[in-house]
Amino acid sequence: MSKDILEEIIAHKRIEIAGQEKVVSAAFLEKQLGEPVPARSLKQALMASPTGIIAEFKRRSPSKGWIHRHADAAQIPLAYQQAGAAALSILTDEAYFGGTLKDIRTARPTVSLPILRKDFIISRYQLLQAKAVQADAVLLIASALTPQACLTLAKEAHALGLETLLEIHTEAELDYLNEYIDVVGVNNRHLGTFHTDASHSLRLAEALPRGIVKISESGISSPDTLLQLREAGFDGFLIGETFMKTDEPGEALSRFIADLLTTDYTD
Ligand SMILES: O=C(O)c1ccccc1NCC(=O)[C@H](O)[C@H](O)COP(=O)(O)O
């Protein structure tokens, strides 16, 4: 993704949110929510899980086009859970990723795992939407926000009972960390070229603060890579395309975990 495309996505998002707010106001959404319901904790799920895999539901991407055009949100998240995922990520951006908030609403009653709303969050309205469909955590992308906006959104997310995943790509973006961030993720996807390189996380690992749950995101396609990342201190691994490009993403995750366990024990 070029920086221009990130800017394009964010510009589109602003227009999209303004349109949505005209149809369903923030005040209406807030009223629907009632008392804050505690989220299923992504952080705790990652710490407790033997795999640490956050399995992603992703129909398309700006880098690859359609990956799994007719993916069913009533079937794949459940299959991921049955295969041994630690948590789920559901892309809700429609224009660039072919997802919708409805995908979380559909998946929620079928699974007990924490669900991350994966989107380009730039306003409190999107946090209300996330809560309304019973997501448990939201993504905050450093390169799409200022540190102050990140702090404000993370604080508001907590007030609504949502956990936060801060995504960084550079060491400098560690400045975005604040007391309301629950998990920090290193994105292996280069924002200028779309190139994904899991060793990017290995290079940044030393710079990450101790005592925070850490995940590595994007471009993870083998158990070997996951084990190297785990060795370097990562607790979680966000994986989408590796599973979604197959006909049966849940079975692909099952095979991945079986290979992971075999590799782990024979090391
Ligand atoms: O996937 C993309 O092409 C992409 C482009 C621009 C911004 C974000 C993008 N992906 C969102 C994600 O964070 C990934 O879906 C997630 O990290 C999983 O990555 P992968 O395992 O490589 O599908």
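Note that these values count all heavy atoms, side chains included, but never hydrogens, waters or copies made by symmetry. First listed ligand is number 1; within each ligand, the first listed atom is number 1.
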- Query: Do any nitrogen or oxygen atoms of G240 come within less than 3.5 Å of a nitrogen or oxygen of ligand 1?
  - Reply: yes
- Geometric class of the H200/H169 ring pair [parallel <30°, tilted 30-60°, perpendicular >60°]: parallel
- Note on the structure: Under 4.0 Å from one or more heavy atoms of G219, ligand 1 contributes atoms 20 (P), 21 (O), 22 (O)
- Should we say atom CZ of R14 is surrounded by more than 12 heavy atoms from elsewhere, each under 6.0 Å from it? no
- Task: For ligand 1, find out whether one of its N or O atoms is nearer than 3.5 Å to an N or O atom of E217.
- Result: no
- Distance-only N or O hit between ligand 1 and E241, under 3.5 Å: yes
- Query: For S199 and D197, does a side-chain donor sit closer than 3.5 Å to a side-chain acceptor?
  - Reply: yes
- R105 side chain vs V133 backbone, donor-acceptor pair below 3.5 Å: no
- Main-chain N/O of I54 paired to S89 side chain as donor or acceptor, under 3.5 Å: no
- Are L238 and ligand 1 in contact, using a heavy-atom cut-off of under 4.0 Å? yes
- Note: K64, heavy atoms under 4.0 Å from ligand 1, region reported as neither
- Query: Would you find a donor on one side and an acceptor on the other, under 3.5 Å apart, between the side chain of Y80 and the backbone of E56?
  - Reply: yes
- Item | Side chain, backbone, both or neither: the part of Y96 lying under 4.0 Å from ligand 1 by heavy atom | neither
- Nitrogen or oxygen of E56 less than 3.5 angstrom from that of ligand 1: yes
- Message: What I want to know is whether I220 and ligand 1 share at least one N or O pair that is separated by under 3.5 angstrom.
- Response: no
- Query: Does a donor on one side chain sit under 3.5 Å from an acceptor on the other, for D93 and H12?
  - Reply: no
- Query: What do you reckon, does I239 put a non-hydrogen atom under 4.0 Å from ligand 1?
  - Reply: yes
- Do S216 and N188 get their side chains close enough for a donor-acceptor pair, meaning under 3.5 Å? yes
- Can you tell which part of M244 has a heavy atom less than 4.0 Å from ligand 1: side chain, backbone, both or neither? neither
- Item | K58, any N or O under 3.5 Å of ligand 1 N or O | yes
